[in-house]
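Below you'll find the structure, written out as structure tokens, and then a few comments.
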Amino acid sequence: MSTRIAFLKGHGTENDFVIVPDPENTIDLPPAAVAALCDRRAGIGGDGLLHVVRSAAHPEARHMAAEAVWFMDYRNGDGSIAEMCGNGVRVFARYLQRAGHVTEGDIAVATRGGVKAVHIAKDGDVTVGMGRALLPEGDVTVSVGERSWPARNVNMGNPHAVAFVDDLSHAGDLLSPPPFSPAAAYPDGVNVEFVIDRGPGHVALRVHERGSGETRSCGTGACAVAVATARRDGADPAATGVPATYTVDVPGGTLVITERPDGEIEMTGPAVIVAEGEIDSVWLESATGA
């Protein structure tokens, strides 16, 4: 490990990330190291970590190298690996632009959830093609304290349970994962979204992200909420041929989600790099017990 490791800090609607550029995949980032870096008091602080690697240099992404030069090796704040992070992809693309690897326009980013099409607009917003939603069959229930709600099971490359509530305060403090049933619905845990209506085509959410707790925003969660809301509202673009667009307020800002008739879901929102610096490897080794 080098004496110092470059990092940046960025956020997308206040879903924040530690960014570690490592094109040739030479930096060892075990779960304990990621958790230490994402610690908000003893580390840099973040909901997750974006490990920036060339697809050809990472064993999980080599098969995507012909489609996407760069692989987003995403980790949750506790160090666990996640399939996808929608806000993370936007911030990842903003980093690539800042570093001079890409320019405005269309790019491809490899993720564990597949290759994602990204558009960096001149106005600064970033649009990500989030793929298609899967809607597994079966009833799901989520609970907080004495309250429980039916939830829509939506998979965006990662699992979500979307519950419509009367008041966002009913979600509680979201410090621990909301209980759900049946357990078999989400064997690896789930992201839980609590949703209220704010007007036609306009909803707001709070989310507990597995491995991170409550976050200020969740891109895949916003997409899952838009799909669940559309179906609740009787809208299915694949059946009608008409796109469904929802404005989704998250605690950290606003995202615009469009589900197209071909099933592709697009998410548009801001992405900001706020700082860059160096990690002291001596501290990191000490923090992880290495």
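When reading the values below, keep in mind they use all heavy atoms of this one structure, side chains included, and skip hydrogens, waters and symmetry mates. Every value quoted in this text rests on a predicted model; they were computed, and no experiment measured them.
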Taking all non-hydrogen atoms of both residues into account, name the closest pair between [X] and [Y] and its distance.
| X | Y | answer |
| --- | --- | --- |
| Tyr74 | Leu49 | CD1-O, 3.3 Å |
| Asn155 | Pro136 | N-CD, 4.4 Å |
| Met156 | Ile265 | SD-CD1, 3.8 Å |
| Val52 | Leu96 | CG1-CD2, 4.1 Å |
| Tyr246 | His202 | CD2-N, 4.2 Å |
| Gly86 | Val128 | O-CG2, 4.5 Å |

Would Asp22 and Thr26 count as a side chain to side chain donor-acceptor pair (under 3.5 Å) if you check the C-alpha gap in whole Å, the side-chain angles of each, and the deciding distance to 0.1 Å? CA-CA 7 Å; Asp22 182 21; Thr26 60; 3.1 Å; yes
Please confirm whether the backbone N or O of [Y] pairs with a side-chain atom of [X], one donor and one acceptor, at under 3.5 Å?
| X | Y | value |
| --- | --- | --- |
| Arg62 | Ala56 | yes |
| Thr111 | Gly113 | yes |
| Ser80 | Asn76 | no |
| Thr229 | Val225 | yes |

Is there a path of hydrophobic side-chain contacts, each under 4.5 Å between heavy atoms, that joins [X] and [Y]?
| X | Y | result |
| --- | --- | --- |
| Ile120 | Val91 | yes |
| Met72 | Val69 | yes |
| Val192 | Val165 | yes |
| Val190 | Val140 | yes |
| Phe92 | Leu29 | no |

Polar contact flag, side-chain donor to acceptor under 3.5 angstrom, Asn158-Thr220: yes
Under 3.5 Å, is there a donor-acceptor pair linking the side chains of Ser217 and Asn87? yes
Within a strict 4.5 Å, meaning less than it, do heavy atoms of the [X] and [Y] side chains meet?
| X | Y | answer |
| --- | --- | --- |
| Leu205 | Val250 | yes |
| Val207 | Glu214 | no |
| Glu104 | Gln97 | yes |
| Val53 | Pro23 | no |
| Val126 | Thr268 | no |
| Val18 | Leu50 | no |
| Met84 | Met130 | yes |
| Val162 | Val195 | yes |

Interatomic spacing from [atom1] in [X] to [atom2] in [Y] - rounded to 0.5 Å:
| X | Y | atom1 | atom2 | answer |
| --- | --- | --- | --- | --- |
| His208 | Asn191 | NE2 | CG | 9.0 Å |
| Asp78 | Asp39 | CG | CG | 12.0 Å |
| Ile279 | Ile44 | CD1 | CD1 | 4.5 Å |
| Asp139 | Arg152 | CG | CZ | 10.0 Å |
| Lys116 | Thr127 | NZ | OG1 | 14.5 Å |
| Cys223 | Glu266 | SG | CD | 10.0 Å |

Pairs flagged by salt bridge (charged side-chain N to carboxylate O under 4.0 Å, His left out) wherever residues 194-204 is involved - sequence neighbours left out: Asp197-Arg232, Arg198-Asp249
Show every salt bridge (charged side-chain N to carboxylate O under 4.0 Å, His left out) that has at least one partner inside residues 85-98, sequence neighbours left out. Arg98-Glu276
Pair Ser148, Ser143 - check side chain to side chain donor-acceptor pair (under 3.5 Å), show working. CA-CA 4 Å; Ser148 62; Ser143 304; 4.6 Å; no
Do [X] and [Y] sit within salt-bridge range, that is, some charged N less than 4.0 Å from a carboxylate O?
| X | Y | result |
| --- | --- | --- |
| Glu209 | Arg216 | no |
| Asp167 | Arg206 | no |
| Arg75 | Asp73 | yes |

Do Asn15 and Thr13 pass the side chain to side chain donor-acceptor pair (under 3.5 Å) test, and can you show the C-alpha distance, the side-chain angles, and the key distance before you say yes or no? CA-CA 6 Å; Asn15 194 187; Thr13 51; over 6 Å; no
Can you sort out the partners of Asp188 under side chain to side chain donor-acceptor pair (under 3.5 Å), two or more places apart, ordered by chain and number? none
Yes or no on side chain to side chain donor-acceptor pair (under 3.5 Å) for His11 and Asp16, after CA distance, side-chain angles and deciding distance? CA-CA 4 Å; His11 76 91; Asp16 63 334; over 6 Å; no
Has Asp166 got more than 12 heavy atoms of other residues, nucleotides or ligands less than 6.0 Å from its CG? no
Specify whether His170 and Trp149 have parallel, tilted or perpendicular ring planes, treating 30° as the upper limit for parallel and 60° as the lower limit for perpendicular. parallel
